[in-house]
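To start, the structure itself, in structure tokens.
Numbering of ligands and ligand atoms starts at 1, following listing order. Bear in mind the structure is a predicted one, so any value in this text is a computation, not a measurement.
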Amino acid sequence: MIHKGKKLYEGKAKIIYEGPEKGTGVQHFKDDATAFNNLKKSQIEGKGVLNNRISEHILKNLNQIGIKNHLIKRINMREQLIKLVEIIPLEIIVRNIATGSLTKRLGIPDGTVLDHPLIEYCYKNDDLGDPLIAKEHILAFKWATLDELKKINDMTFRINDFMVGMFRGIGIKLVDFKLEFGRLQEGDKQEVILADEISPDTCRLWDVVSEKKLDKDRFRKDLGNLIEAYQEVANRLKIFPEQHNITEVKFNKPTSIKIKKK
Ligand code: 5GP
């Protein structure tokens, strides 16, 4: 049993607690789903468990290709032990196919395949609705240094390359996703590492053949079957439940997932 300390931060989908040792934290995945800057809210049973497993899988794989990140290990169905970092207040968005806010903002036809991945920066601030910003804003307001930004961009393109390939291998198009980075202090050394989560909550994932959405757009657009879609992603990644047996996962029925304790 890993001892959790006091709550340090509560976000829309996660809570961060103090971890058992200095510099560590416990990241807890909630079942809450929110969209449109908290205007739409719901609880979706099983979402936190699936995001915990999917994010663990992706961050572990990224670590193996040399992308340093905050994950130490998953500790239970809903929680991960992490290295605490100072979060850089930026949402780094990567797009391979135009959809979502990009198409609304610029009138680009939905589904346009981009020749090269496009990086966009948003200022991470709920009160302002995470506005789109330019690199110049980041430097002017010292949200990150030029050196940090270069490292973030390099890591982001490598993460995208890896994830596009990983998802293509399981018949999924990685349309776009959001990353967050943080500063890790180790002695007098500071470095920027990947933080937060990578899951169907933070990515757009479309089935290669049917273009069925396997991500949080099912909630945003009221398409239903969110858990079934996330479970489908987990299944294709060959992530199977460890401590629990999923006994019933059906795609076309209203959201229902039955979890049986072993
Ligand atoms: P868009 O800007 O089109 O709404 O989102 C682009 C991508 O970034 C999508 O994959 C979306 O899930 C992700 N994204 C952008 N902002 C957020 C956010 O505040 N929270 C989450 N979970 N994902 C976000």
Side-chain angles (χ1 to χ4, degrees), residues 9-16 27-44 47-48 50-52 54-55 58-59 70 80 87-114 117-134 138 143 152-153 155-157 159-160 162-164 166-167 172-182 194-207 211-223 226-227 229-230 233:
Y9 164 85
E10 177 154 8
K12 286 173 278 190
K14 293 188 295 290
I15 306 174
I16 310 286
Q27 177 165 260
H28 176 103
F29 288 76
K30 300 194 280 186
D31 280 341
D32 300 40
T34 67
F36 314 117
N37 202 20
N38 242 350
L39 288 177
K40 181 171 175 176
K41 287 187 209 178
S42 188
Q43 280 256 325
I44 302 179
K47 182 173 82 76
L50 283 161
N51 280 347
N52 186 19
I54 295 170
S55 191
I58 297 175
L59 265 58
H70 74 162
Q80 307 179 340
I87 288 287
I88 294 173
L90 300 174
E91 294 194 340
I92 314 294
I93 313 280
V94 191
R95 301 181 187 273
N96 298 302
I97 298 174
T99 193
S101 70
L102 174 67
T103 53
K104 289 201 194 82
R105 200 184 328 122
L106 301 178
I108 310 291
D110 199 86
T112 305
V113 177
L114 306 176
L118 174 67
I119 292 196
E120 292 178 332
Y121 308 106
C122 294
Y123 178 42
K124 192 172 146 62
N125 183 315
D126 281 342
D127 293 340
L128 301 174
D130 301 336
L132 183 75
I133 50 168
I138 300 173
W143 291 321
I152 287 173
N153 277 6
M155 279 193 266
T156 298
F157 283 123
I159 293 168
N160 185 54
F162 172 80
M163 284 180 38
V164 164
M166 179 187 79
F167 280 115
I172 291 174
K173 285 190 220 177
L174 177 62
V175 175
D176 57 27
F177 59 102
K178 178 209 59 147
L179 298 174
E180 293 185 25
F181 292 85
L194 177 67
D196 195 51
E197 68 174 291
I198 303 181
S199 72
D201 263 15
T202 62
C203 301
R204 283 199 178 93
L205 304 169
W206 294 352
D207 180 81
E211 301 231 313
K212 186 163 70 187
K213 297 181 198 313
L214 300 170
D215 58 64
K216 198 174 151 188
D217 271 356
R218 300 205 73 83
F219 171 71
R220 296 188 187 103
K221 294 172 179 276
D222 290 321
L223 301 173
L226 179 128
I227 287 297
Y230 285 31
V233 174

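Residue Lys41 qualifies as open at atom NZ: its count of foreign heavy atoms under 6.0 Å is 12 or below.
In terms of the ring-ring contact (aromatic ring centres under 6.0 Å, His included) criterion, Phe167 has no residue partners (sequence neighbours excluded). Residues that satisfy the salt bridge (charged side-chain N to carboxylate O under 4.0 Å, His left out) test with Lys173, not counting sequence neighbours, are Glu211. The ring-ring contact (aromatic ring centres under 6.0 Å, His included) check on Trp206 picks up nothing, with sequence neighbours excluded.
A donor-acceptor contact shorter than 3.5 Å links the side chain of Ser55 to the backbone of Ile198.
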May I have every N or O pair linking ligand 1 to the protein at under 3.5 Å, one per line with atom names and distance?
unit_1   : atom_1 : unit_2 : atom_2 : d
ligand 1 : 2 (O)  : Arg95  : NH2    : 2.8
ligand 1 : 2 (O)  : Ser101 : OG     : 2.6
ligand 1 : 3 (O)  : Arg95  : NH1    : 3.3
ligand 1 : 3 (O)  : Arg95  : NH2    : 3.3
ligand 1 : 3 (O)  : Ser101 : N      : 2.9
ligand 1 : 3 (O)  : Ser101 : OG     : 3.4
ligand 1 : 3 (O)  : Arg204 : NH1    : 2.9
ligand 1 : 3 (O)  : Arg204 : NH2    : 3.4
ligand 1 : 10 (O) : Asp176 : OD1    : 2.6
ligand 1 : 10 (O) : Arg204 : N      : 3.4
ligand 1 : 12 (O) : Arg220 : NH2    : 2.9
ligand 1 : 16 (N) : Glu91  : OE1    : 3.3
ligand 1 : 19 (O) : Glu91  : OE2    : 3.3
ligand 1 : 19 (O) : Asp130 : OD2    : 3.4
ligand 1 : 22 (N) : Asp201 : O      : 3.0

Exercise. Evaluate the salt bridge (Lys or Arg N to Asp or Glu O under 4.0 Å) criterion for residues Arg204 and Asp176: first the C-alpha distance (whole Å), next the side-chain angles of each, then the deciding distance (0.1 Å), finally the verdict.
Key: CA-CA 5 Å; Arg204 283 199 178 93; Asp176 57 27; 2.7 Å; yes
